[in-house]
Amino acid sequence: MIIMSVLPQSFYNNNTLKIAQALLGCFLVRKFSDGKTRRFKIVETEAYHGPLDRASHASRGRTPRNAVMFGEAGIIYVYFTYGMYNMLNVVTGPENYPAAILIRAVEPYVKCQRLNVKCRFDGPGRLTKALKIDRAFNGLPIFKKKHGLWIESRKEELKPARIARAARVGVDYAGAYKDKLWRFYIKDSGFVSRH
DNA sequence: CACTAGATTTTCT
DNA sequence: GAAAATCTAGTGG
């Protein structure tokens with residue numbers, strides 16, 4: 001009997017780069033409106049870290065859109081971009097320090113033949129579409145099961161040697177920050193968005 | 001395989 | 001009005 005444990009708010013109140021790696025191998029859990037619950041292993045994340053990070057929405061100050069990034073840890077930040085895609089993030093660090101982690105890719109935990117074959121999870125826009133995550137989740141806590149979206153701890157060890165580090169995707173405009181190695185993924189996962 | 005253009009709309013300047 | 005933390009479909013080698 002495996003005890004499921006939902007990651008508590010305190011888990012997210014830490015250094016963004018550490019949490020981005022600690023989330024790899026954890027489970028993103030979604031309870032759909034039809035009552036079915038499915039688990040997905042997190043295999044790729046990116047850190048958006050602090051007011052100086054030019055790749056981050058928070059680098060140009062607080063706006064209505066990015067306000068939750070300045071709030072407490074463990075809150076969901078979903079924004080809409082490219083006219084088409086929602087991006088799923090989790091706020092990290094202390095209040096008034098704008099930081100968040102973008103969840104870029106997950107893999108199905110159990111065999112998912114029942115899932116629509118068209119569903120893909122390797123990319124931030126794809127996974128929100130597949131998991132039916134939209135801006136209604138913005139500002140909700142991810143450390144409670146109440147809203148149908150939460151994260152559970154790993155069920156087995158993830159050796160540091162299996163974690164790869166790379167530059168973030170789609171942030172060429174970010175000056176010196178575009179080359180920061182703030183993207184993390186599990187090397188041997190077949191569901192990473194890029195290798 | 002590499003590269004390019006187009007989709008489509010919110011957000012901020 | 002331009003750009004955007006993306007993805008797809010198309011072309012060409």
Side-chain angles (χ1 to χ4, degrees), chain A residues 12 14-24 26 28 30 40-71 73-93 97-108 115-140 142 149 151 163-186 189-195:
Chain A
Y12 303 98
N14 202 330
N15 179 282
T16 314
L17 301 179
K18 286 183 185 167
I19 303 169
Q21 295 169 79
L23 280 176
L24 295 175
C26 294
L28 181 67
R30 179 81 169 99
F40 303 86
K41 185 185 283 188
I42 297 171
V43 297
E44 182 177 354
T45 59
E46 278 180 5
Y48 289 84
H49 191 205
L52 301 179
D53 180 1
R54 291 225 2 238
S56 170
H57 292 163
S59 67
R60 292 200 295 281
R62 191 176 185 133
T63 68
R65 178 177 66 166
N66 66 24
V68 304
M69 288 186 76
F70 291 78
I75 296 299
I76 299 167
Y77 173 42
V78 177
Y79 66 89
F80 186 79
T81 192
Y82 294 114
M84 234 177 266
Y85 299 106
N86 291 302
M87 301 283 125
L88 173 64
N89 301 253
V90 183
V91 176
T92 60
Y97 183 81
I101 292 167
L102 171 66
I103 299 179
R104 289 191 55 87
V106 299
E107 62 182 50
L115 285 176
N116 188 326
V117 275
K118 288 180 290 192
C119 285
R120 305 236 348 228
F121 314 99
D122 52 338
R126 290 193 185 121
L127 87 84
T128 53
K129 187 179 171 197
L131 300 198
K132 300 187 182 358
I133 294 167
D134 61 23
R135 279 168 291 175
F137 286 93
N138 192 50
L140 299 178
I142 205 163
L149 184 66
I151 298 178
I163 298 178
R165 246 189 122 141
R168 293 172 293 179
V169 176
V171 295
D172 287 347
Y173 56 83
Y177 280 83
K178 81 178 171 63
D179 298 318
K180 296 278 184 189
L181 300 179
W182 288 355
R183 172 175 171 248
F184 304 93
Y185 60 91
I186 299 179
S189 170
F191 288 81
V192 171
S193 71
R194 304 188 189 186
H195 284 93

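Labels below follow one simple rule: chain letters A, B, ... track the order of the sequence lines, proteins then strands, and each chain is numbered from 1. Below, all heavy atoms of this structure are taken into account, side chains as well, without hydrogens, waters or symmetry copies. Remember, it's a predicted structure, so these values are computed and weren't measured experimentally.
- Distance D134(A) CG to dT9(B) P: 15 Å, rounded to the nearest Å.
- The nearest whole Å value for the distance from the CZ atom in R62(A) to the C1' atom in dT11(B) is 17 Å.
- The listed nucleotides are dT10(B), dC12(B), dA7(B); the one nearest the side chain of M84(A) is dA7(B).
- When side chains are defined from C-beta on, Y12(A) counts as touching I151(A), because their heavy atoms get closer than 4.5 Å.
- Comparing the same atom, P, in dA3(C) and in dA5(B) gives a spacing of 15 Å after rounding to whole Å.
- Across all strands shown, R54(A) has no heavy atoms under 4.0 Å from either base or sugar-phosphate atoms.
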Show the distances under 3.5 angstrom between N or O atoms of the protein and N or O atoms of nucleotides 2-5 of chain C.
| unit_1 | atom_1 | unit_2 | atom_2 | d |
| --- | --- | --- | --- | --- |
| dA5(C) | OP1 | H57(A) | NE2 | 2.5 |
| dA5(C) | OP2 | Y173(A) | OH | 2.2 |
| dA5(C) | N9 | Y79(A) | OH | 3.0 |
| dA5(C) | N7 | A55(A) | O | 3.4 |
| dA5(C) | N7 | H57(A) | NE2 | 3.3 |
| dA5(C) | N1 | N89(A) | OD1 | 2.6 |
| dA5(C) | N3 | Y79(A) | OH | 3.1 |

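- Remark: P98(A) engages P51(A), A58(A), M69(A), F70(A) in a side chain to side chain contact (heavy atoms under 4.5 Å, CB included) (not counting sequence neighbours).
- Counting only residues at least two apart or on different chains, no side-chain hydrogen bond (donor to acceptor under 3.5 Å, both in side chains) pair has a member in residues 127-139 of chain A.
- Heavy atoms of Y85(A) sit under 4.0 angstrom from at least one base atom.
- Taking a pair as Watson-Crick or G-U with both hydrogen-bonding distances under 3.5 Å, the stems of three or more pairs touching DNA chain B are B:1-7 with C:6-12, B:9-12 with C:1-4.
- Distance, N86(A) CG to dT11(B) P: 11 Å, rounded to whole Å.
- Remark: Y48(A) pairs with E46(A) by the side-chain hydrogen bond (donor to acceptor under 3.5 Å, both in side chains) rule, at least two apart or across chains.
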Listed pairs under 3.5 Å, donor-acceptor, residues 83-93 of chain A side chains, sequence neighbours left out:
| unit_1 | atom_1 | unit_2 | atom_2 | d |
| --- | --- | --- | --- | --- |
| N89(A) | ND2 | Y77(A) | O | 3.2 |
| N89(A) | ND2 | M87(A) | O | 3.4 |
| T92(A) | OG1 | T16(A) | OG1 | 3.0 |

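- Inter-residue side-chain proximity for E107(A) and I42(A) is flagged as unmet; no heavy-atom pair is nearer than 4.5 Å.
- Residues passing the side-chain hydrogen bond (donor to acceptor under 3.5 Å, both in side chains) test with Y173(A), sequence neighbours excluded: none.
- Nucleotide dT10(B) holds its P atom 18 Å from the CG atom of N66(A), rounded to whole Å.
- R126(A) pairs by the side-chain hydrogen bond (donor to acceptor under 3.5 Å, both in side chains) definition with D122(A), not counting sequence neighbours.
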Show me the side-chain donor-acceptor pairs of residues 176-183 of chain A shorter than 3.5 Å, one per line, residues at least two apart or across chains.
| unit_1 | atom_1 | unit_2 | atom_2 | d |
| --- | --- | --- | --- | --- |
| R183(A) | NE | E44(A) | OE2 | 2.7 |
| R183(A) | NH2 | E44(A) | OE2 | 3.0 |
| R183(A) | NH2 | R194(A) | O | 2.7 |

